[in-house]
Asker: 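Could you have a look at this structure, given as structure tokens, before my questions?
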Amino acid sequence: MGINVKDWLNGEAEVFLKDIGIKKGDVVLDFGCGTGSYTIPAAEVVNKEGKVYAMDKDIKSINKLMKIAKTKDLKNIIPLHTKSEELKINLESESIDAVLLYDVLHYIGALERKMIYEEIYRILKENGLLSVYPKHHKSDEPLGNLSDMELDDVEEEIKSHYFYLQRKFYKKLLHNGDYNRGYILNFRKKLGGNKY
Ligand SMILES: C[S@@+](CC[C@H](N)C(=O)[O-])C[C@H]1O[C@@H](n2cnc3c(N)ncnc32)[C@H](O)[C@@H]1O
């Protein structure tokens with residue numbers, strides 16, 4: 001993370017996360033956490049009363065994140081190293097208040113995305129939040145599995161998995177360690193849609 005973005009970890013990110021709906025005491029899953037641009041501030045926001053699961057298939061990123069957590073004396077981050085082919089999330093059903101899915105979807109093929117939405121639905125509490133930053137869709141530096149999808153297509157895909165769109169933000173945020181602007185889609189579980 002460059003010196004020009006030091007304000008991100010010194011308060012800006014916490015404001016961002018509170019704005020999208022993360023609260024003190026929440027249990028959060030940061031799916032595809034990388035080195036923790038969102039995990040670390042989320043751990044500060046949820047405070048000692050809450051916790052953040054830091055999930056990634058890349059063990060080096062998780063190790064780096066945990067080192068940063070140690071320097072900040074954050075004890076409420078739980079590393080979850082996963083294999084990308086394992087589409088199960090190793091967490092209890094209805095145990096999570098919020099899932100962050102930030103700048104990850106372009107890594108994942110359509111069939112796997114479907115399984116992941118189903119798993120996220122399973123682990124979220126009844127009014128749980130799924131917050132998505134779908135970077136790299138057709139109109140935002142297209143890349144990988146999202147390069148042929150518009151933002152609306154991503155929205156429709158997630159809605160078809162028993163979520164409804166609660167709010168859409170266009171925000172200053174961090175992407176690959178630098179400031180950027182992008183859309184955040186906030187979804188909630190549809191009541192009564194528990195088919196999984
Ligand atoms: C571009 S980084 C984004 C990191 C972080 N979410 C952020 O916005 O700063 C994407 C991360 O997702 C992880 N990832 C991709 N596919 C994954 C999968 N199927 N399961 C777990 N992690 C995955 C990658 O290893 C990488 O660390």
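Atoms within each ligand, like the ligands themselves, are counted from 1 in listed order. Note that the coordinates shown come from a computational prediction; the quantities given were computed from them, not determined experimentally.
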Asker: For a side-chain hydrogen bond (donor to acceptor under 3.5 Å, both in side chains) check, start with the C-alpha distance between Tyr162 and Glu118, then their side-chain angles and the critical distance, and finish with the verdict.
Answerer: CA-CA 9 Å; Tyr162 287 84; Glu118 290 181 8; over 6 Å; no
Asker: Tell me the protein heavy atom at minimum distance from atom 20 (N) of ligand 1, and give that distance in Å.
Answerer: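 Scanning the protein heavy atoms, the shortest distance from atom 20 (N) of ligand 1 goes to Phe31 CE2, 3.8 Å.
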Asker: So which bit of Thr35 gets within less than 4.0 Å of ligand 1, heavy atoms only: side chain, backbone, both or neither?
Answerer: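 No part of Thr35 is near ligand 1 at this cut-off.
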Asker: Tell me which one of Ile78, Leu80, Asp30 satisfies side-chain contact (heavy atoms from CB on, under 4.5 Å) with Met55.
Answerer: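 With Met55 as partner, Ile78, Leu80, Asp30 yield a single side-chain contact (heavy atoms from CB on, under 4.5 Å), made by Leu80.
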Asker: Evaluate Tyr121 against Glu94 for side-chain hydrogen bond (donor to acceptor under 3.5 Å, both in side chains), listing each step before the verdict.
Answerer: CA-CA 8 Å; Tyr121 189 96; Glu94 300 191 28; over 6 Å; no
Asker: If you take the nearest heavy atom of each of Lys57, His136, His81, which one is closest to atom 22 (N) of ligand 1?
Answerer: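 Going through Lys57, His136, His81 one by one, Lys57 has the nearest heavy atom to atom 22 (N) of ligand 1.
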Asker: Pairs of nitrogen or oxygen atoms closer than 3.5 Å, one from Val104 and one from ligand 1: do any exist?
Answerer: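 Looking only at distances, the answer is no, because the N/O contact criterion of under 3.5 Å is not met.
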Asker: Which ligand 1 atoms, with their elements, are less than 4.0 angstrom from a heavy-atom of Asp58?
Answerer: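 Matching atoms, with element in brackets: 25 (O).
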Asker: Looking only at protein heavy atoms, which one is nearest to atom 19 (N) of ligand 1, and what is the separation?
Answerer: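 For atom 19 (N) of ligand 1, the nearest protein heavy atom is Ser84 CB, 3.8 Å.
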Asker: Looking only at protein heavy atoms, identify the closest one to atom 1 (C) of ligand 1 and say how far it is in Å.
Answerer: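 Protein heavy atom with the smallest distance to atom 1 (C) of ligand 1: Asp103 OD2, 3.2 Å.
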Asker: For the pair Lys171 and Asp19, find out whether any cationic side-chain nitrogen is under 4.0 Å from an anionic carboxylate oxygen.
Answerer: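 Yes, charged N to carboxylate O under 4.0 Å.
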Asker: At under 4.0 Å between heavy atoms, which part of Tyr102 makes contact with ligand 1: side chain, backbone, both or neither?
Answerer: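 It is both parts that get close, each with some atom under 4.0 Å.
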Asker: For Gly34, counting its heavy atoms only, list the atoms of ligand 1 lying under 4.0 Å from any of them.
Answerer: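 Counting atoms of ligand 1 from 1, those under 4.0 Å from Gly34 are 4 (C), 27 (O).
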Asker: Is any NZ, NE, NH1 or NH2 atom of the basic residue among Lys135 and Asp140 found under 4.0 Å from an Asp or Glu carboxylate oxygen of the other?
Answerer: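 Result for this pair is yes, salt bridge flagged.
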Asker: Is NZ or CZ of Lys159 both nearer than 6.0 Å to the six-membered ring centre of Tyr164 and within 45° of the ring axis?
Answerer: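 No, cation not above the ring by the 6.0 Å, 45° rule.
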Asker: Is Asp56 close to ligand 1, meaning an N/O of one under 3.5 Å from an N/O of the other?
Answerer: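 Between Asp56 and ligand 1, an N or O pair is found under 3.5 Å apart.
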Asker: State whether Phe163 and Lys190 meet the cation-pi test: NZ (Lys) or CZ (Arg) under 6.0 Å from the six-membered ring centroid, and within 45° of the perpendicular axis.
Answerer: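 Output no; distance or angle outside limits.
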Asker: Give the residue, atom name and distance (to 0.1 Å) of the protein heavy atom nearest atom 6 (N) of ligand 1.
Answerer: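 Ranking protein heavy atoms by distance from atom 6 (N) of ligand 1, first comes Gly32 O, 2.7 Å.
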Asker: Are Leu87 and Glu112 side-chain neighbours, meaning at least one heavy-atom pair lies under 4.5 Å?
Answerer: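 In short, these two side chains touch, coming nearer than 4.5 Å.
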Asker: Number the atoms of ligand 1 from 1 as they appear, then name those within less than 4.0 Å of a heavy atom of Tyr38, with their elements.
Answerer: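 Counting atoms of ligand 1 from 1, those under 4.0 Å from Tyr38 are 7 (C), 8 (O), 9 (O).
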